[in-house]
Asks: 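There's a structure below that I have some questions on.
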Amino acid sequence: MNNIMLSEKQKEVVSFGKGSLLVKASAGSGKTRVLTERICMLAKSTKRRILAITFSNRASEEIKNRLASIDDTLLEKVYVGTFHAFCNYVLEKHGAAIGYKELPHVFSEVEDRMRIVEKAIADTPSLRHLYESKNEKQRNQYKSKSLDVISTIKREVILDEDLTRKINDDEILLYYNYREIMSSLNAIDFDDLLFLTYKLFISNTNIAALYRRNFEYIFVDEAQDLNRAQYMVLRSLTSDENKNVMFVGDSNQSIYGFNGSSSDFMNLDFIQDYNPKVFVLNENYRSTKTILKYANQIIPNSSSLDEVVLEGVTKELCFESVEKETLWVIDKIKLLLQQKKVKDIEGEICTERIAILARNKYVLLPIEERLKKENLPYYYKSSSKGLELSSLSGSIFNLALQVKGNSKDRLHLSQLLNLLKLKNVVSLDDIIKRLENGSIYFETILTILNLKEDGSNFKLCIRQLLSKITNKLLHADENELHIAYSDFNEILNHWLNYEKRTLDRSLISFRNAIALGQTFANNEDKGITLSTVHTMKGQENDIVFLIGMDDMTFPDYRAIEKGGVEMQQEKNNLYVAVTRAKRYLFVTYPLSRIMPWGEVKKRVKSRLLPK
DNA sequence: GAAGGCCCGCTTTTT
DNA sequence: GCGGGCCTTC
């Protein structure tokens with residue numbers, strides 16, 4: 001698309017000067033290109049910096065790559081990152097102003113937060129009794145619900161003085177207890193990143209002013225996904241004199257409502273607070289006619305077909321069972337790969353040009369099984385995630401790294417002791433004395449102890465450990481050595497990714513970068529893409545199979561029960577799914593589904609699909 | 001208060 | 001298809 005001329009409307013947006021603007025850009029309308037070209041144009045004219053905020057690491061990587069490909073010095077002037085990454089960056093620099101003398105650790109693992117909320121419940125007398133009367137499963141449900149309550153307070157930016165009006169007393173106590181535990185561990189969670197940054201900016205207007213001076217222009221991609229905390233952070237970054245803010249978004253693609261986001265921030269608050277000039281980009285440069293007509297049946301007038309030449313293929317197919325559905329998809333894929341060249345798709349068909357999408361990951365399991373059997377290459381598109389370690393040594397390293405960087409982190413210290421089956425030890429120095437000299441665990445802890453805080457010898461230490469493993473200089477069984485080797489390699493790769501993008505390095509900031517998913521190597525594996533609709537957002541593929549389109553699966557049965565906004569979000573989700581396809585789209589659904597407990601349930605076509 | 005019967009809900013999406 | 005909650009009954 002980069003070599004195609006910009007349309008008149010796109011040019012208008014790109015060349016828009018100072019002031020606020022709202023660009024309503026439908027799927028495939030070239031919004032990322034408009035965004036990057038405008039950033040590029042402004043970067044040349046301003047002496048100050050530009051802030052470009054995205055929602056996913058994937059999107060920010062894409063923008064960075066595009067900017068670098070236009071001009072590789074651009075990134076010196078432009079900060080591109082997710083809301084969370086930006087807030088982390090602010091707190092790293094100025095957290096001390098709100099009491100974080102040492103860099104807090106970002107606890108992103110749900111398991112960690114579950115343990116902490118469990119303790120918070122135990123510390124809340126009025127809740128403890130109720131909690132203890134529950135069974136395992138209910139306790140987990142209760143913990144998740146509690147985490148959600150805590151999350152909501154922060155997402156909705158409810159300050160302490162307003163809590164009593166909105167939340168009941170027990171929940172307030174729980175919230176305070178959770179906060180106390182987190183702070184005793186010098187830890188913060190995802191919501192804190194935004195909430196604390198907002199608090200920092202309102203309580204230290206000089207610091208906020210610094211950022212306002214620093215960033216002359218602000219861009220927000222996927223603005224329909226903003227939640228209150230994010231919008232408030234953004235507002236504190238602008239002032240009446242300086243509000244050069246560009247929002248790009250599409251209300252029809254709002255699918256993160258469960259996370260507190262609402263397109264109202266873009267459509268109502270932004271318009272009211274910033275009075276932006278509104279642009280509409282609705283020409284679709286991505287998909288073929290049949291696909292867009294189908295999308296327009298799901299959300300009327302969502303895309304204009306004016307610029308579209310190719311017909312493409314869009315088919316809806318119904319099957320007796322999930323098994324038949326799966327087999328058809330596999331056969332169709334095999335056929336397309338055999339045919340190599342098909343109408344309206346230039347070049348040869350290969351597995352990389354095919355994606356299989358579904359509402360949730362469980363729907364993809366039978367397909368995965370079958371792809372494996374047929375030896376067809378595939379990979380799961382994942383959201384950028386942290387370390388995935390499978391060896392004991394890898395987990396020990398990861399825990400010890402956290403303990404080393406944060407002496408207050410008793411949570412991970414106790415997990416570390418559990419793994420090593422040790423008791424009554426409080427420091428890494430003491431731990432190593434209790435381990436057998438030359439064992440892989442000993443060497444792992446030793447490596448951690450040898451690491452310098454600024455990370456300058458990180459690569460060296462890991463490489464030494466790797467070579468000890470290769471040369472079998474360590475005591476451990478064959479299997480552990482084998483997986484440990486690949487784990488430490490993975491850790492090294494995360495470090496290399498971190499090193500590439502960070503100048504001011506330290507072990508703690510490395511750990512936080514991992515938690516925020518910034519060190520994830522985006523070199524996607526080869527093969528057919530398997531993905532949920534949410535993870536596929538902002539991406540595209542020539543041939544898309546959208547499977548499991550039976551009612552109750554897509555829309556999800558819980559959304560049907562709740563109705564209203566939830567159903568609107570399901571519809572948007574379907575619109576996102578359909579518009580991922582560039583040339584061919586196959587929509588399939590089964591008329592029966594075997595439930596996890598063995599019952600065969602009758603199914604009908606999704607109510608969201610065209611009649 | 002124990003035993004027996006009926007009903008309900010099982011796996012969402014992510015920084 | 002199964003475990004658990006909740007209701008009825010003695």
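Reminder, nothing fancy here: chain letters follow the sequence lines and each chain counts from 1.
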Asks: Can the ring centres of A:F258 and A:Y256 be said to be less than 6.0 Å apart?
Replies: yes

Asks: Quick check: do A:S262 and A:S254 have side-chain heavy atoms less than 4.5 Å from each other?
Replies: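 No; the side chains remain at least 4.5 Å from each other.
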
Asks: Of all the choices, B:dT13, B:dT15, B:dT12, which nucleotide is nearest to the side chain of A:T82 once you look at every atom?
Replies: B:dT15

Asks: Enter the distance from A:D250:CG to A:Q224:CD here, rounded to the nearest 0.5 Å.
Replies: 6.0 Å

Asks: Under the criteria of a ring-centre distance below 5.5 Å and an interplanar angle below 30°, is A:F83 stacked with the base of B:dT15?
Replies: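 Here A:F83 fails the 5.5 Å or the 30° condition.
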
Asks: B:dT13 base stacked by A:Y256? Criteria: ring centres under 5.5 Å, plane angle under 30°.
Replies: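 No.
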
Asks: Provide, to the nearest angstrom, the distance between the OH atom belonging to A:Y380 and the C1' atom belonging to B:dT14.
Replies: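 So the two atoms are 17 Å apart, to the nearest Å.
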
Asks: My understanding is that only residues two or more places apart in sequence, or in another chain, count here; which of them pass side chain to side chain contact (heavy atoms under 4.5 Å, CB included) with A:A25?
Replies: A:V23, A:S29, A:K31, A:V248, A:L281

Asks: Strictly below 4.0 Å: does A:S108 bring a side-chain N or O up to OP1 or OP2 of B:dT15?
Replies: no

Asks: For A:D551 and B:dT12, give me the distance from atom CG to atom C1', rounded to whole Å.
Replies: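 Interatomic distance, CG of A:D551 to C1' of B:dT12: 15 Å.
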
Asks: Walk along DNA chain C from 5' to 3' and tell me the first and last nucleotide with an atom closer than 4.0 Å to a non-hydrogen atom of chain A.
Replies: C:dG1 to C:dG5

Asks: On DNA chain B, compare the nucleotides closest to A:A559 and A:D191; which residue's is nearer the 5' end?
Replies: A:A559

Asks: Would you indicate which nucleotide in B:dT14, B:dT15, B:dT12 comes nearest to any side-chain atom of A:T535?
Replies: B:dT14

Asks: If I take atom NE2 in residue A:H84 and atom C1' in nucleotide B:dT15, what distance separates them, rounded to the nearest angstrom?
Replies: 4 Å

Asks: Starting at CD of A:Q568 and ending at P of B:dT12, how long is that distance when rounded to a whole Å?
Replies: 22 Å

Asks: Going by the rule salt bridge (Lys or Arg N to Asp or Glu O under 4.0 Å), which residues pair with A:K324 if we only count those two or more places apart in sequence or in a different chain?
Replies: A:E320

Asks: Classify the side-chain pair A:T519/A:N497 by whether it contains a donor and acceptor separated by less than 3.5 Å.
Replies: no

Asks: Determine the contact category for A:F86: base if any of its heavy atoms lies under 4.0 Å from a base atom, sugar-phosphate if only primed atoms, P, OP1 or OP2 are that close, otherwise nothing.
Replies: nothing

Asks: In whole angstroms, how far is the C1' atom of B:dC8 from the CD atom of A:Q141?
Replies: 13 Å

Asks: Within the structure shown, what part of the strands sits under 4.0 Å from A:F258 by heavy-atom distance: base, sugar-phosphate, or nothing?
Replies: base

Asks: Let me see the working for A:Y231 and A:F270 under ring pair (Phe, Tyr, Trp, His ring centres under 6.0 Å), right down to the final yes or no.
Replies: CA-CA 9 Å; A:Y231 185 71; A:F270 184 58; 7.3 Å; no

Asks: In whole angstrom, give the distance that lies between atom CZ of A:R558 and atom P of B:dC8.
Replies: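 Distance, rounded to whole Å: 18 Å.
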
Asks: Just how far, in rounded Å, is P of B:dG9 from CD of A:E561?
Replies: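 Whole-Å distance recorded here is 7 Å.
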
Asks: Round to a whole Å and report the spacing from CE of A:M595 to P of B:dC10.
Replies: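 Rounding to the nearest Å, CE of A:M595 and P of B:dC10 are 11 Å apart.
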
Asks: B:dT14 phosphate, OP1 or OP2: any side-chain N/O from A:T532 under 4.0 angstrom?
Replies: yes

